[in-house]
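Take a look at the structure set out below.
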2 protein chains.
Amino acid sequence: MTATTSTLGFAILAVLARADSTGYEIAGRMRHPIGRFWTAGHSQIHADLQRLRAAGLVEYVTAAGPGPQEKKVYSVTPEGLGALRDWVTEPPRPQPERDELVLKTYAAWLADPARLIEMFRTALRHHEERLAEYESTWAAVEEAPPAFGTSGFGNMAALRCGLTYERHRAEWCRWMIDQLLRAQSDGEHPA
Amino acid sequence: MTATTSTLGFAILAVLARADSTGYEIAGRMRHPIGRFWTAGHSQIHADLQRLRAAGLVEYVTAAGPGPQEKKVYSVTPEGLGALRDWVTEPPRPQPERDELVLKTYAAWLADPARLIEMFRTALRHHEERLAEYESTWAAVEEAPPAFGTSGFGNMAALRCGLTYERHRAEWCRWMIDQLLRAQSDGEHPA
DNA sequence: TCCTTCTATGTCAGAAATGACATAGTGGGC
DNA sequence: GCCCACTATGTCATTTCTGACATAGAAGGA
């Protein structure tokens, strides 16, 4: 009954539900802002669009394109919108998170503290930069909170997650650096 | 020069650096505790162990096994330990996070608030359960902080990340539920 | 003029990852 | 006595994902 579509398929539907787009434009949104929580290259997107079309969840109209092929502007069909709506409220199975920095941390006891401090400072800088970016966007959103039922609500909600995530991450990096500095000074002049 | 090994290969090395193990045991540790930040099925692990062995990063001794094949107890070679040490301090490229719940949130403006509240309450419950688990483990660790240079340090550092992550996540879920409740009551009796 | 970037489509090879299948002894509960 | 879970190895088909290759016009800067 329910169309079997990969998670990427729903990500594409979520983009198209906001505005009709070409595959190229979808790839752009996949980098930003969706790239913070889902990624896909354009080759994968083109393939998935064809699958979605075969399943009747999207359709397209053609126009003259810059390259040898015609440009295809995709839009969500009513069935596609229904499938997206159903999927949104289905609880995802608890995340199998994949986090390389934490994996490195798990093995950090084997490495040189000075180098680790350097690595975590780099990570901290990245997180602080993103946090600053999110906070300025947040300030703008807070002044005029978008109503539920408009796409702005989705933007705000995802942004809020990014905001608290970057805070947690920066906090943890600072804690790590602190721990490593202690380990270093203990190593220099042990009691 | 540096051996080209996938991230999973380093995850395996990180397990073996703590204790010599069979592939089966590695798979067990991959579920817990490593499953919180990296995952792999046993089929993938067996394949990777063979690659690591071909690269000279691990070796094994055989013993009688329960099945038709012999049991193989793997250990890290000096080259493997060196590769692991080098990898640990190499800064990972900023995370391409993949988070289905946030993706759903991005499209949440299309869905029914009541169902969304249900979904976020489920997610919140999961995060609170994990948080409680981490906090009790943390209390035990804090009493006797493991020294840097022992594997306990890696455990503690990864646990600390999980702890602040679950806090951020629970906080965000509560914020979402609050927003959705407001949206619901606004919908019921709009000014 | 030339070079790069942006627009826009796609294919293809290969790697990574999942889940099912296959085999087989031991130990414990009902 | 029977069935299940645990230990332990592996293969295989399929799906997913990445990165490179291929094509080509338009716009803008050096």
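Naming: A, B, ... by sequence-line order, numbering from 1 per chain.
Under the 30°/60° scheme for interplanar angles, the aromatic rings of A:F10 and A:W87 are found to lie parallel. Ring geometry, B:H168 versus A:H168: the interplanar angle falls under 30°, so the pair is classed parallel (tilted spans 30 to 60°).
The overall bend of the helix from C:dT1-D:dA30 to C:dC30-D:dG1, read as the angle between its terminal helix axes built from five base pairs each, is 30° when rounded to 10 degrees.
Taking every nucleotide of DNA chain C with any atom under 4.0 Å from a non-hydrogen atom of chain B, the first and last of them, 5' to 3', are C:dA16 to C:dG25.
At a non-hydrogen distance threshold of 4.0 Å, A:T22, A:G23, A:Y24 from residues 13-24 of chain A come into contact with DNA chain C.
Between A:D186 and A:R182 there is no salt bridge, since none of the side-chain N atoms of the basic residue sits less than 4.0 Å from a carboxylate O of the acidic one.
Atoms OG1 and CD, on B:T105 and B:E100 in that order, are 10.5 Å from each other to the nearest 0.5 Å.
Among residues two or more places apart in sequence or in another chain, the ring pair (Phe, Tyr, Trp, His ring centres under 6.0 Å) test is passed with A:H127 by none. For B:P66, there are no side chain to side chain contact (heavy atoms under 4.5 Å, CB included) partners two or more places apart in sequence or in a different chain. Checked against ring pair (Phe, Tyr, Trp, His ring centres under 6.0 Å), B:W109 has no partners two or more places apart in sequence or in another chain. Under the rule for a ring pair (Phe, Tyr, Trp, His ring centres under 6.0 Å), B:Y24 has no partner lying at least two apart in sequence or in another chain.
Both the sub-6.0 Å distance and the 45° axial angle are not jointly satisfied by B:R160 relative to the ring of A:W172.
Within the structure, the salt bridge (Lys or Arg N to Asp or Glu O under 4.0 Å) test picks out the following pairs touching residues 11-37 of chain A (sequence neighbours left out): A:R36-A:E133. Residue pairs satisfying the salt bridge (Lys or Arg N to Asp or Glu O under 4.0 Å) criterion with at least one member in residues 135-149 of chain A, sequence neighbours excluded, are listed as follows: A:E135-A:R167. The list of side chain to side chain donor-acceptor pair (under 3.5 Å) pairs with a residue in residues 51-74 of chain B, not counting sequence neighbours, reads B:D48-B:R51.
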At a cut-off of 3.5 Å, list every protein nitrogen or oxygen paired with a nitrogen or oxygen from nucleotides 23-26 of chain D, distance to 0.1 Å.
residue: D:dG25; atom: O4'; partner: A:P66; partner atom: O; Å: 2.9

Using the side chain to side chain contact (heavy atoms under 4.5 Å, CB included) rule, take A:N155 and B:Y106 through it: C-alpha gap first, then chi angles, then the decisive distance, then the call.
CA-CA 6 Å; A:N155 297 352; B:Y106 184 69; 3.6 Å; yes
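Look at OH on B:Y74: it is 11 Å from C1' on D:dA8, rounded to the nearest Å.
In this structure, the ring of A:F120 has its center no less than 6.0 angstrom from the ring center of A:W175.
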Protein-to-nucleotide contact annotation, 5' to 3' order, nucleotides 13-19 of chain D [B base; S sugar-phosphate only; - none; under 4.0 Å, heavy atom]
---SSBB
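Just one of B:T5, B:T7, B:I45, B:L57 meets the side chain to side chain contact (heavy atoms under 4.5 Å, CB included) condition when paired with B:I12; it is B:I45.
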